[in-house]
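Ligands are counted one by one from 1 in listed order, and the atoms in each one are counted from 1 as well. Being a predicted model, the structure only gives us computed values, none of them experimental. Start at 1 with the first residue, then count along the sequence.
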Amino acid sequence: MPIDATRPYDPDNIFARILRGEIACDRVYEDDHALAFRDIAPQAPQHILVIPKGAFVSWDDFSARASEAEIAGFVRAVGTVARAAGLVAPGYRLLANVGPQAGQEVPHLHVHLFGGKPLGPMLASR
Ligand code: AMP
């Protein structure tokens, strides 16, 4: 069920629970600012989610409220994960869903990294 990205942060969302260690994940990277793990329902041979450790609902919320250190740390972590996964030379797609029309389901900012095959057109339909 897509979420309303303008609502306040829900500390019981599933990614918050993963950050607290209450739910397991297939972790690929972690540092002070970010955690990366494999998507539970992969839509490409490589499908990794990168999330900031702070409580942010969406890219919109993050870009408005995060500190410079949080923004730099998260953006650098996304790049680090992509390089470590070997995605840069073949190419990859970076995607963040924000709100209902994009189909955002988890109300904690996450970017999707897709790769491992030619990914086709950017959107399936217009
Ligand atoms: P979005 O639609 O952009 O909010 O994407 C949410 C993503 O989180 C989906 O691709 C789900 O498959 C993924 N997801 C949901 N729960 C988990 C989980 N426990 N571990 C890993 N990925 C998850």
Side-chain angles (χ1 to χ4, degrees):
M1 181 76 169
I3 60 105
D4 176 352
T6 66
R7 289 182 67 90
Y9 186 79
D10 170 11
D12 291 325
N13 78 79
I14 192 155
F15 291 172
R17 297 184 66 197
I18 285 174
L19 281 169
R20 290 197 295 269
E22 297 167 6
I23 294 176
C25 70
D26 186 359
R27 183 174 56 192
V28 299
Y29 178 80
E30 182 167 11
D31 65 20
D32 288 347
H33 292 287
L35 174 68
F37 50 94
R38 297 199 179 278
D39 196 290
I40 203 166
Q43 296 187 42
Q46 294 251 45
H47 184 174
I48 298 169
L49 302 173
V50 191
I51 69 175
K53 289 197 165 172
F56 299 100
V57 175
S58 68
W59 185 272
D60 181 72
D61 186 26
F62 186 69
S63 64
R65 291 197 303 110
S67 69
E68 306 298 310
E70 287 173 313
I71 291 171
F74 180 63
V75 171
R76 288 206 184 277
V78 172
T80 297
V81 170
R83 285 188 292 278
L87 294 173
V88 178
Y92 66 98
R93 184 164 293 154
L94 181 61
L95 180 147
N97 291 315
V98 181
Q101 289 201 344
Q104 183 182 359
E105 292 184 346
V106 179
H108 181 113
L109 169 61
H110 49 286
V111 297
H112 298 253
L113 294 176
F114 300 104
K117 70 169 189 178
L119 295 168
M122 190 160 57
L123 295 177
S125 59
R126 289 170 188 260

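- In this structure, atom 4 (O) of ligand 1 lies nearest to the protein heavy atom Glu105 N, 2.7 Å.
- For Gly103, the closest heavy-atom approach to ligand 1 falls below 4.0 Å.
- Annotation for ligand 1: atoms under 4.0 Å from non-hydrogen atoms of Ile14 are 19 (N).
- Residue contact annotation: Ile23 has no non-hydrogen atom under 4.0 Å from ligand 1.
- Residue contacts with ligand 1, taken as heavy atom pairs separated by less than 4.0 Å, involve His110 solely via side-chain atoms from C-beta onward.
- Below 4.0 Å from some heavy atom of Arg38 lie the following atoms of ligand 1, by number and element: 21 (C).
- In this structure, Glu22 places its CD atom where more than 12 heavy-atom neighbours from other residues, nucleotides or ligands lie under 6.0 Å away.
- The main-chain N or O of Asp12 is never found under 3.5 Å from a side-chain atom of Arg20 such that the two would form a donor-acceptor pair.
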Run the salt bridge (charged side-chain N to carboxylate O under 4.0 Å, His left out) test on Lys53 and Glu70 for me, step by step, so that the C-alpha distance in whole Å, both residues' side-chain angles and the decisive distance to 0.1 Å come before the verdict. CA-CA 9 Å; Lys53 289 197 165 172; Glu70 287 173 313; over 6 Å; no
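- Under the 30°/60° scheme for interplanar angles, the aromatic rings of His47 and Phe114 are found to be tilted.
- One hydrophobic cluster, built from ILVMFWY side chains closer than 4.5 Å, holds both Tyr92 and Tyr29.
- Applying the 4.0 Å criterion to heavy atoms of Ala41 picks out, from ligand 1, the atoms 12 (O).
- Short contacts between ligand 1 and His112, defined as distances under 4.0 Å to a heavy atom of the residue, involve ligand atoms 1 (P), 3 (O), 5 (O), 7 (C), 10 (O).
- Taking the six-membered ring where tryptophan is involved, the planes of Phe74 and Phe62 are perpendicular, since the angle between them exceeds 60° and thus also 30°.
- Listed by number with element, the atoms of ligand 1 under 4.0 Å from a non-hydrogen atom of Asn97 are 1 (P), 2 (O), 3 (O).
- Counting only heavy atoms of the protein, atom 14 (N) of ligand 1 lies nearest to Ile40 CG2, 3.8 Å.
- With a heavy-atom cut-off of 4.0 Å, Asp26 does not touch ligand 1 at all.
- Linking Ile, Leu, Val, Met, Phe, Trp and Tyr residues whenever their side-chain heavy atoms come within less than 4.5 Å leaves Trp59 and Ile51 in two separate clusters.
- Here the heavy atom of the protein found nearest to atom 12 (O) of ligand 1 is Asp39 OD1, 2.5 Å.
- Considering backbone and side-chain atoms together, Gln43 places no N or O closer than 3.5 Å to any N or O of ligand 1.
- The aromatic ring centres of His110 and His112 sit less than 6.0 Å apart.
- In this structure a side-chain-to-backbone donor-acceptor pair under 3.5 Å is present from Gln46 to Ala85.
- The atoms of ligand 1 that sit less than 4.0 Å from any heavy atom of Val106 are 4 (O), 6 (C).
- Cluster membership check: Leu87 shares its hydrophobic cluster with Val111, using side-chain heavy-atom separations under 4.5 Å among Ile, Leu, Val, Met, Phe, Trp and Tyr.
- The single protein non-hydrogen atom nearest to atom 8 (O) of ligand 1 is Phe15 CZ, 3.4 Å, given as residue, atom name and distance.
- Distances between N or O atoms of Phe37 and those of ligand 1 include no value under 3.5 Å.
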